[in-house]
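Proteins get letters first, then strands, A, B, ... in listed order; numbering begins at 1 in each. Here the structure is a predicted model, which is why all the values come from computation and not from measurement.
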Protein chains: 2
Amino acid sequence: MLQDSLLQVRDLLERHRVLEQLTHSQEVPNRELLEALQRRQNVAELHHKLRALHPADLAHILEALPAEDRRIVWSEAEPAKAAEVLVELPRPVRDGLLEGTSPERQRSILARMDADDIAYVAESVDGGVLEEVYRALDAPSRVWVESSVSWPEGSVGALMTSDVVSVREEWTVERCLAEIRLRGRLPRQADALFVVDSRNVLRGAVRLQDVLVSGPDAAVSALMDDQVVGFTPDDRAAQAAAAFQRYDLVSAPVVDDRGKVVGRVTVDAVMDFLRREAELRALKSAGLSGEEDLFAPVWASARNRWAWLAVNLVTAFLASRVIGLFSGTIERLVALATLMPVVASVGGNTGNQTVALLVRALALDQVTPGNVRHLVVKELGVGIVNGVVWGTVMGFFAWMLYRSAALGAVMAAAILLNLLVAAVAGLAVPFLLQRQGRDPAQGASVLLTFTTDGMGFLIFLGLARLLLVP
Amino acid sequence: MLQDSLLQVRDLLERHRVLEQLTHSQEVPNRELLEALQRRQNVAELHHKLRALHPADLAHILEALPAEDRRIVWSEAEPAKAAEVLVELPRPVRDGLLEGTSPERQRSILARMDADDIAYVAESVDGGVLEEVYRALDAPSRVWVESSVSWPEGSVGALMTSDVVSVREEWTVERCLAEIRLRGRLPRQADALFVVDSRNVLRGAVRLQDVLVSGPDAAVSALMDDQVVGFTPDDRAAQAAAAFQRYDLVSAPVVDDRGKVVGRVTVDAVMDFLRREAELRALKSAGLSGEEDLFAPVWASARNRWAWLAVNLVTAFLASRVIGLFSGTIERLVALATLMPVVASVGGNTGNQTVALLVRALALDQVTPGNVRHLVVKELGVGIVNGVVWGTVMGFFAWMLYRSAALGAVMAAAILLNLLVAAVAGLAVPFLLQRQGRDPAQGASVLLTFTTDGMGFLIFLGLARLLLVP
């Protein structure tokens, strides 16, 4: 269905383009009138389509369009819709679109956002425009936006919203309902009302469903659960997300260090955070510096990939120097040059399996000083089993291929030893990255492959020099 | 805090072990009495600790314990707690624990589960026990469990629960509240009541907060939203998860092909699904067949890694045959053997960057026939930029190292060409895997590296034979 909308929008854009070309290339009688008519109808159709789309769907379609089409659709979206779409877009796409948007339009889009959303997109907005928008806000909203912007990415503060309904311990259910009716609506994804005392300090929470089934005279204090999972703004967002998953939360209060309620985290924000994290991790472990717009300009994309490409070149070059040490040996037995990449490749592959398991365990906080020894023993055990099995297989192939049992034996031994290296490096690299305060997945693959390549070449060619080429 | 609990449990286990050793090794006067006392206190302490833990936390601790400790803690958990813990454990850990659990205990644990949870863990339970448990269920629950078990993993059917509260279109709010009071409680994560007609066909939904602020005489039909996002049991779970993320849902109805409500999907199930998917994808793209218990036996772990290791061995071996074709060339210029892994490695690294981007785009349904051309042009552009920049750098190094400008030129040209191969293969491999109905991430890395290794060797050694070694 969403895919259909994407295709329809693409179709309208195609007609739009054909018309543009007509305007510039052909002489038609009454051309201008005809075109103006056609064009208006086409744009009207596009407008109609855009109005009917859910903001999240429109964001998704924008992301899937090449830069030029994206600009056309974006410029045709009404400011109110554009405001809702903007918060749904990934950062690089949002930055790109706002760069090409006039300050006037930016202003009229931001005027339709609430304080939470302004804070969320603030970094992508033109500085001058942001100043004006700030000035137009009422005082509490301004304070909120300014404090929100200061929370670092990855903190609960950056995730929370100001949209909180709190009730007082001494109230009755009837009083709570009156309060809610006064506000007109409850915030999104509110499954509970937060209970505070006269100083706004969190005392507990009342679930909406308990309010629902109680009589109007029931006391909040009687319905209240005082064991509420809450966070502070500088808790790590990942920690909050784990709590949401573990305790099946829908919303949770955020309190400052004096226990006062300052905001609320909801499950939709947590899900967006988790998705972004999972995507970033996948991109980073492949050696990209961060999110990349699918249709980013070539130069921007190339730069996003340079950091780890450079590291990879250096490590590949160093590993190749190991081979350089044995050039005399290779000269006398060229078969070695043919077989050595196999030893390196198998080590890299199995090492990356260990890395993937350990990265998951570290992310879930499952590794403790007490169980590290078990882990090491197990991974070495797997290395020995796989090394014996697959080393024998490959050794046999090498023997048959080059009619040399000794070469086969060297091959088998090298694969076994390199799988042990891979097990140790596969555990050590993520550990060391984490101890350095880095993401254990980031670049782990490049560092691991460096180790298994270098050691693979060293072990295989070293054994060959010792045993085969006297 | 959770980490603390884990350490406390480990500590209790340690004392438990010391005591066990004492029992078997030392002669102490009044030994038996003393031990019985100490042991009882120790176990009592463990019991106390276990009782205080949230089931999800206990599951987490179990997962982080080596097999032996895990069995002790598991056997000490009371059946009611064990029932709640079981559904929180990942499949391999659950399977392992239930294998070592007596049929009697399995029976008493399952007796404390509701139909949803029984269906969820059914595949891990002993067949005989399951039969008995089925027979003890009332008819509707039995039908539910049997139909749930038949939904394949990855379908909405496997994700949904039977815990639905529906109300009738013609009811008033008062009647709805009476119905809820009659049930005593609302199901977990209910943010809305589903509205059905007399044939149980879904008509819409009423949000709890609207019920809350309406008077008792308000009609359900007036409060009802008839544009509800719903699913059928054989929709893909991934599709439902995307809808939950896009439209910020907390719960959604599941209907059969006649529109009758058959179940409900909640955001906690969706989050668990997404987390498992993200983890599985990370493990699979590293070449593991599936989830692996951190403390699985060595043999089980080795087998989990064999499938892709075998594929990797075959592809590495094939790539090495390419080198075999040029053994004469290498014999005359050993520097080639040293430099060739660099060409291969850079290709593999950049190709995997393209794969990571494309896998994300495919997962988000962002690739359409209309934008493929843009993607190809962009990735080839990035390949050319990176190839010229880094090819020049590496060519220069090779020139300096071996004092041969011609060798440097071959190196530079080979890197540029292999980066173009990497761009094409990085796009083609995930596409082809998807067209075959497979996960585009699964094994993409092994297939890509095969291409970039093989072509890297072929291009570099081929150019060298043409230009350097006449």
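- Interface remark: A:L401 contributes side-chain atoms only to the contact with chain B (heavy atom separation under 4.5 Å).
- Contact of A:V298 with chain B is made through backbone and side chain together, with heavy-atom distances under 4.5 Å.
- The most heavy-atom pairs under 4.5 Å with chain B, out of A:A278, A:P341, A:A335, come from A:P341.
- Both the backbone and the side chain of B:V346 come within less than 4.5 Å of a heavy atom in chain A.
- Of all heavy-atom pairs between B:Q209 and A:P187, the closest is NE2-O, 3.7 Å.
- Using a 4.5 Å cut-off between heavy atoms, A:L274 touches chain B through its side chain atoms alone.
- Considering only heavy-atom pairs separated by less than 4.5 Å from chain B, the leading option among A:A241, A:C176, A:A190, A:A296 is A:A296.
- Most heavy-atom pairs under 4.5 Å with chain B: of the set A:N352, A:N371, A:L333, this distinction falls to A:N371.
- In this model, a donor atom of one side chain and an acceptor atom of the other lie less than 3.5 Å apart for A:N312 and B:S345.
- Smallest separation of non-hydrogen atoms from A:S214 and B:R181: O-NH2, 4.1 Å.
- Looking at B:Q245, the atoms closer than 4.5 Å to chain A (heavy atoms on both sides) sit in the backbone and in the side chain alike.
- For A:Y402, the part sitting under 4.5 Å from any heavy atom of chain B is the side chain, from C-beta outward, and nothing else.
- Considering only heavy-atom pairs separated by less than 4.5 Å from chain B, the leading option among A:R305, A:E331, A:Q189, A:H374 is A:R305.
- The side-chain contact (heavy atoms from CB on, under 4.5 Å) test with B:S301 is passed by exactly one of A:V382, A:N386, A:L357: A:V382.
- With a 4.5 angstrom heavy-atom cutoff, B:F244 touches chain A via backbone and side-chain atoms both.
- Heavy-atom minimum distance, A:N349 versus B:W308: ND2-O, 4.3 Å.
- The aromatic rings of A:W390 and B:W306 sit perpendicular, their planes meeting at an angle over 60°, well past the 30° parallel limit.
- Contact annotation for A:M271: both backbone and side-chain heavy atoms come within less than 4.5 Å of a heavy atom of chain B.
- For B:D248, the parts sitting under 4.5 Å from any heavy atom of chain A are the backbone and the side chain alike.
- Heavy atoms closer than 4.5 Å to chain A are found in both the backbone and the side chain of B:V213.
- A:S327 and B:V334 make their closest contact through CB-CG1, 3.4 Å (heavy atoms, listed as atom of the first residue, atom of the second, distance).
- Interface residue A:V342: backbone and side-chain heavy atoms are both found under 4.5 Å from chain B.
- Between chain B and the options A:A344, A:A337, A:A361, heavy-atom pairs under 4.5 Å are most frequent for A:A337.
- Between B:T354 atom OG1 and A:L288 atom CG the span is 8.0 Å, to the nearest 0.5 Å.
- For B:V270, the part sitting under 4.5 Å from any heavy atom of chain A is the side chain, from C-beta outward, and nothing else.
- In this structure, A:R373 places its CZ atom where only 12 or fewer heavy-atom neighbours from other residues, nucleotides or ligands lie under 6.0 Å away.
- Counting heavy-atom pairs under 4.5 Å between each of A:M340, A:R281, A:R188, A:R321 and chain B puts A:R321 at the top.
- Of the N and O atoms on the side chains of A:Y247 and B:D268, not one donor lies less than 3.5 Å from an acceptor on the other residue.
- A:L212 contributes atom CG, which lies 5.5 Å from atom CG of B:L212 (distance to the nearest 0.5 angstrom).
- In this structure, chain A has a heavy atom under 4.5 Å from the side chain of B:V446, while its backbone stays farther away.
- A pairwise comparison of heavy atoms in A:R360 and B:L283 identifies CD-CD1, 4.4 Å as the closest pair.
- With a 4.5 angstrom heavy-atom cutoff, B:V389 touches chain A only via side-chain atoms.
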